[in-house]
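As structure tokens, the structure follows; a few thoughts come after it.
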Amino acid sequence: MIELISESRCIKCNICVSVCPTNVFDAVTESLPIIARQSDCQTCFMCELYCPANALYVAPQVEPLSTVQEKELEEAGLLGSYRNSVGWGNKQTSVASRDETDKVLKQLKK
Ligand code: SF4
Ligand code: SF4
């Protein structure tokens, strides 16, 4: 579930507002978005994937956490960690480009 928007990292691009399929965020003029409807979050990670500033934290738990501290997330390297793990971070190679399913399918067709 979406847990945090980092005020210090957010560049106010509102991409997260646009990509969220369940309209969890509200854009705020000249400020960072707010998590307006946390209970509507589907834990899909789309916002974290698209955030260019690694400013979001989506916890894998589907229920809200009682306490989430940005400092602890920073220290644990969790801000933007999902984006980085699938290769969507800056100058990274997407794991999709390493998908070799086509080779398996070709073998099966022989
Ligand atoms: S996508 Fe990231 S940087 Fe852009 S507004 Fe949302 S949290 Fe801020
Ligand atoms: S994890 Fe998915 S549903 Fe939840 S806030 Fe982000 S984009 Fe929206």
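Indexing begins at 1, ligand by ligand and atom by atom, following the structure's order. Bear in mind the structure is a predicted one, so any value in this text is a computation, not a measurement.
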For [X], the ligand 2 atoms whose distance to one of its heavy atoms is below 4.0 Å:
X: Pro21; value: 7 (S)
X: Gln42; value: 3 (S), 4 (Fe)
X: Thr22; value: 3 (S)
X: Phe25; value: 5 (S)
X: Ile2; value: 5 (S)

Check the pair Glu74 / Ser6 against side chain to side chain donor-acceptor pair (under 3.5 Å), numbers first and verdict last. CA-CA 10 Å; Glu74 284 266 12; Ser6 166; 5.2 Å; no

Show me which atoms of ligand 1 lie under 4.0 Å from any heavy atom of [X].
X: Pro33; answer: 5 (S)
X: Cys10; answer: 3 (S), 5 (S), 7 (S), 8 (Fe)
X: Leu56; answer: 7 (S)

Strictly under 2.8 Å, is any N, O or S atom of Cys51 next to atom 2 (Fe) of ligand 1?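 True for Cys51.
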
Return yes if some donor-acceptor pair links the side-chain N/O of [X] with the main-chain N/O of [Y] below 3.5 Å, else return no.
X: Glu30; Y: Val28; answer: no
X: Arg37; Y: Asn23; answer: yes
X: Thr22; Y: Val24; answer: no
X: Gln38; Y: Pro64; answer: no

Distance check, rounded to the nearest 0.5 Å: Asp40 atom CG versus Met1 atom CE?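 With rounding to 0.5 Å, CG (Asp40) is 8.5 Å from CE (Met1).
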
With a cut-off of 6.0 Å (strictly less than), are more than 12 heavy atoms of other residues, nucleotides or ligands near CD of Gln61?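 More than 12 heavy atoms, drawn from other residues, nucleotides or ligands, come within 6.0 Å of this atom.
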
Tell me whether Tyr50 at atom OH has more than 12 heavy atoms from other residues, nucleotides or ligands lying less than 6.0 Å away. no

Does some non-hydrogen atom of Val19 fall short of 4.0 Å from ligand 2? no

Under 4.0 Å, heavy-atom basis, I'd like to know which part of Phe45 is in contact with ligand 2: side chain, backbone, both or neither. backbone

Considering non-hydrogen atoms of the protein only, which is the closest contact for [atom], and what is the distance?
atom: atom 7 (S) of ligand 2; answer: Cys47 N, 3.4 Å
atom: atom 4 (Fe) of ligand 2; answer: Cys41 SG, 2.4 Å
atom: atom 8 (Fe) of ligand 2; answer: Cys20 SG, 2.3 Å
atom: atom 2 (Fe) of ligand 2; answer: Cys44 SG, 2.3 Å
atom: atom 5 (S) of ligand 1; answer: Asn14 N, 3.1 Å
atom: atom 6 (Fe) of ligand 1; answer: Cys16 SG, 2.3 Å
atom: atom 3 (S) of ligand 1; answer: Ile11 N, 3.4 Å

hydrophobic_cluster_shared for [Y] and [X], side chain cutoff 4.5 Å:
X: Phe25; Y: Leu79; answer: no
X: Met46; Y: Val86; answer: yes
X: Tyr82; Y: Trp88; answer: yes
X: Phe45; Y: Ile35; answer: yes

Structural part of Ser6 in contact with ligand 1, heavy atom criterion under 4.0 angstrom: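 Under 4.0 Å from ligand 1, Ser6 contributes no heavy atoms.
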
Return yes when at least one N/O/S atom of Cys13 is nearer than 2.8 Å to atom 8 (Fe) of ligand 1, and no when none is. no

